[in-house]
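Here the structure is laid out as structure tokens; the discussion comes afterwards.
All values below were derived from every heavy atom in this structure, side-chain atoms included, with hydrogens, water molecules and symmetry-related copies excluded.
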Amino acid sequence: MAPKIVSLFFFLSVLTVSELAGIYGSGGYPIVVSTWPFREAVRAAWRSVNDHGSSAIDGVVDGCSACEELRCDGTVGPGGSPDENGETTLDALVMDGTTMEVGAVAAMRYVKDGIKAAKLVMDYTEHTMLVGEKASIFAISMGLPGPTNLSSSESIEKWVKWKENNCQPNFRKNVVPAKSCGPYHVHYDSSSALERSCGLSREGSSERSPLGDGNHLQTLEDKSNIINYHNHDTISMAIIDKVGHIAVGTSTNGATFKVPGRQVFLETTWVGDGPIAGSASYADDEVGACGATGDGDIMMRFLPCYQVVESMRQGMEPRHSAADAISRIARKYPDFIGAVFALNKNGVHAGACHGWTFQYSVRNSSMNDVEVFTVVPSD
């Protein structure tokens, strides 16, 4: 089936009912909604909750697991998105909209089953998130296979080409060297780091220094070369099961060439929005759910999925809550790239995006198969 084209405007726009036709589902449940045209993942989740009568949580795990096994677009599961060191790590989250329990893993090494590891955190610990190699040790101790190398020939080839291109583009700023591979060091010049970040002169004037004047600041235009559909298409999935319970899940191998940040005695690492409740996904049985994808470093500062659900709680329709959450980010970061879908507890869905064209997939009992909805940014 050809994708459905939807032209979406921000919620303040004046739209007729006919102009909005196609954004909404017919309502009802069970229903599965996922970011991007990940049809096989949605089919797997649908079989779980519809054919087998599984819970929303189990359906999310089944759907996201299918995406991990298929390595959806190289950005979910093992074998994709190498970091600066060439290693692939996984982020994942599950959230139960009935109990508000959350389980998450971040920067997990050596274990290929991200979403299953996240569910183990939720089911067998009092914690919300485990990170890094300790998350791997926990997952293996609880029965998941490992340790295993999460890299692939494709991810290593991508990393080698990036190294040959002087490690450009990357996620560094205010460092030297600016246009080659590290090791990196803080760049000091006549301005303080605070003045550079605020664009102020030493005298405190409001005149901004031109970008590229020696500060080695990375502009949002530069960053757009790193963030695109092919390296940020996280799967975020929401399900309402047959009894009306809601769950969400997210799985990703993160941003390509992200900063690993390893030190001798202290392990720190980049964590995107995928395992952050309220950022890449959120659910509440009383209201609905949300899934998000895009520039996680920006989006996690706004918790867009929490905003979507809370806006629906206050009476906003899904289309308005999705557009409002995106517009809040765009007002502060006009060049950011991202998208959300909103799903209310009655099975009505909508999407909103900024900086790219977004697609999300839906399956419910009124459909013969998965249908893909395309949302065009209004800007």
Side-chain angles (χ1 to χ4, degrees), residues 57 60-61 64-65 67-68 75-96 100-151 155 170-172 231-232 234-236 248-282 291-303 305-306:
I57 280 285
V60 161
V61 172
C64 289
S65 291
C67 212
E68 291 172 349
T75 62
V76 179
S81 299
D83 63 19
E84 284 188 347
N85 290 339
E87 183 180 8
T88 297
T89 57
L90 304 183
D91 298 340
L93 170 146
V94 292
M95 181 173 185
D96 187 331
M100 308 306 285
E101 289 180 294
V102 174
V105 292
M108 185 174 69
R109 312 170 74 192
Y110 311 133
V111 177
K112 64 182 180 62
D113 301 301
I115 197 72
K116 291 179 181 177
K119 189 171 186 294
L120 288 172
V121 173
M122 185 175 71
D123 287 347
Y124 297 106
T125 81
E126 296 291 339
H127 301 308
T128 293
M129 182 189 297
L130 297 179
V131 179
E133 195 166 337
K134 301 304 182 183
S136 311
I137 293 171
F138 167 79
I140 294 170
S141 74
M142 298 303 292
L144 291 183
T148 185
N149 184 3
L150 300 184
S151 298
S155 69
N170 61 50
F171 287 92
R172 304 280 181 165
N231 62 19
H232 264 67
T234 301
I235 183 169
S236 288
V248 291
T250 299
S251 183
T252 180
N253 50 41
T256 305
F257 312 131
K258 54 188 173 284
V259 178
R262 303 208 176 277
Q263 300 175 2
V264 177
F265 298 109
L266 174 66
E267 179 182 325
T268 61
T269 189
W270 178 93
V271 175
D273 68 328
I276 308 299
S279 189
S281 56
Y282 196 74
T293 183
D295 185 351
D297 286 308
I298 298 297
M299 298 178 78
M300 71 168 72
R301 303 170 191 176
F302 294 83
L303 297 180
C305 275
Y306 178 79

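To the nearest 0.5 Å, atom OG1 of residue Thr252 and atom CD of residue Glu68 are 10.0 Å apart. Separation of atoms CD1 (Ile115) and CG (Asp91) is listed at 11.0 Å; rounding is to 0.5 Å. Separating the NZ atom in Lys119 from the OH atom in Tyr124 is a distance of 6.5 Å, to the nearest 0.5 Å. Rounded to the nearest 0.5 angstrom, Met122 CE and Ile57 CD1 are separated by 4.0 Å. With rounding to the nearest 0.5 Å, the separation of CG in Leu120 from CG in Leu130 is 10.0 Å. In this structure, Asp113 CG and Cys64 SG are separated by 12.0 Å, a value rounded to the nearest 0.5 Å.
Closest approach of Thr250 and Ser281 over heavy atoms only: OG1-OG, 3.0 Å. The two residues Lys116 and Val61 have their closest heavy-atom pair at CG-CG1, 4.0 Å. The two residues Leu90 and Lys112 make their nearest non-hydrogen contact at CD1-O, 3.5 Å. Residues Phe138 and Ser141 approach most closely at O-OG, 2.6 Å, considering heavy atoms. The shortest heavy-atom contact between Met108 and Gly114 is CE-CA, 3.8 Å. What you find for Phe171 and Lys258 is that their closest heavy atoms are CD1-CA, 4.0 Å.
Two residues are said to be in side-chain contact when any heavy atoms from C-beta on lie closer than 4.5 Å; Met95 and Met100 meet this criterion. Between Pro82 and Thr256, some side-chain heavy-atom pair lies under the 4.5 Å cut-off. The closest side-chain heavy-atom distance from Tyr110 to Glu87 is below 4.5 Å.
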Go through Ile276 and Met129 one step at a time and tell me if the side-chain contact (heavy atoms from CB on, under 4.5 Å) criterion holds. CA-CA 9 Å; Ile276 308 299; Met129 182 189 297; 3.7 Å; yes
